[in-house]
Amino acid sequence: MRLLLVEDDSMIGDSVRQGLRQDGFAVDWVRDGRAAELALANEVYDLLLLDLGLPKKEGLDVLQTLRHKGDAIPVMILTARDAVAERVRGLDAGADDYLVKPFDLDELAARIRALLRRRSGRAQPVIEVGALRLNPATREVTFNGEPVALSAREFALLSALVDRPGAVLSREQLEEKMYGWDQEVGSNTVEVYIHGLRRKLGQDFIKNVRGVGYMVPKPS
Ligand code: CA
């Protein structure tokens, strides 16, 4: 899953990006409201983490513009403790959740998972597709009841595919889910990880759609 973090405080931004990457998210980080709008116009994100007090364009303005355009991306506001009125305005302007600084990174990751669940229309915290069970919180995966050990990248790729069974994702879309801007993408990496996943989950769990991409079929 790919997130955009908008935060002008270097220390907070750095620790959030690092913490969320360790949790398996691809994270792009920008430091002002204009850069946020540029990133949102050019990339596809699964969720937006938005500070409100920002240079160049306030977070609330970024949010209002986004919702005005009909963009339904889940938005979590990151605000200061004393800014109750700001949080209320943020939620009323279309934010889905907020966290008060300083916050715990585990709580942030859990709230992100909750928002992503809701976006996918799931109430269950564990994703089940056919013989596969995937727990986004613990990153445990079982197939036919047997534990499957996956690398962080394999897990990120599989998460993207099982989040929307039946949807075909191109190689480029899968790369976007796996890597932030400043992370090196090797050549043929998606193919390599698909190959690794097929060795562990069998050849048929992930389908090739020739010339389009990959999908995990909806169980019939
Ligand atoms: Ca700020």
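Everything quoted here is computed from the prediction, not taken from an experiment. Counting starts at 1 for both ligands and their atoms, following the listed order. All residue numbers in this chain count up from 1 along the given sequence.
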Ignoring hydrogens and angles, state whether a donor on the side chain of Thr138 or Glu140 is under 3.5 Å from an acceptor on the partner side chain.
yes
So, 3.0 Å as the limit: is an N/O/S atom of Asp8 located closer than that to the Ca ion (ligand 1)?
yes
Does the salt bridge (Lys or Arg N to Asp or Glu O under 4.0 Å) test come out yes or no for Asp61 and Arg89, once each step is laid out?
CA-CA 11 Å; Asp61 292 342; Arg89 278 211 307 279; over 6 Å; no
Donor-acceptor pair, distance only, cut-off 3.5 Å: does the side chain of Arg198 make one with the backbone of Ile206?
yes
Counting backbone and side-chain atoms alike, does Gly53 have an N/O/S atom under 3.0 Å from the Ca ion (ligand 1)?
yes
Starting from the Ca ion (ligand 1), look over the N/O/S atoms of Asp51 and name the nearest one.
OD2
Cluster link Leu3 to Leu5, ILVMFWY, side chain under 4.5 Å:
yes
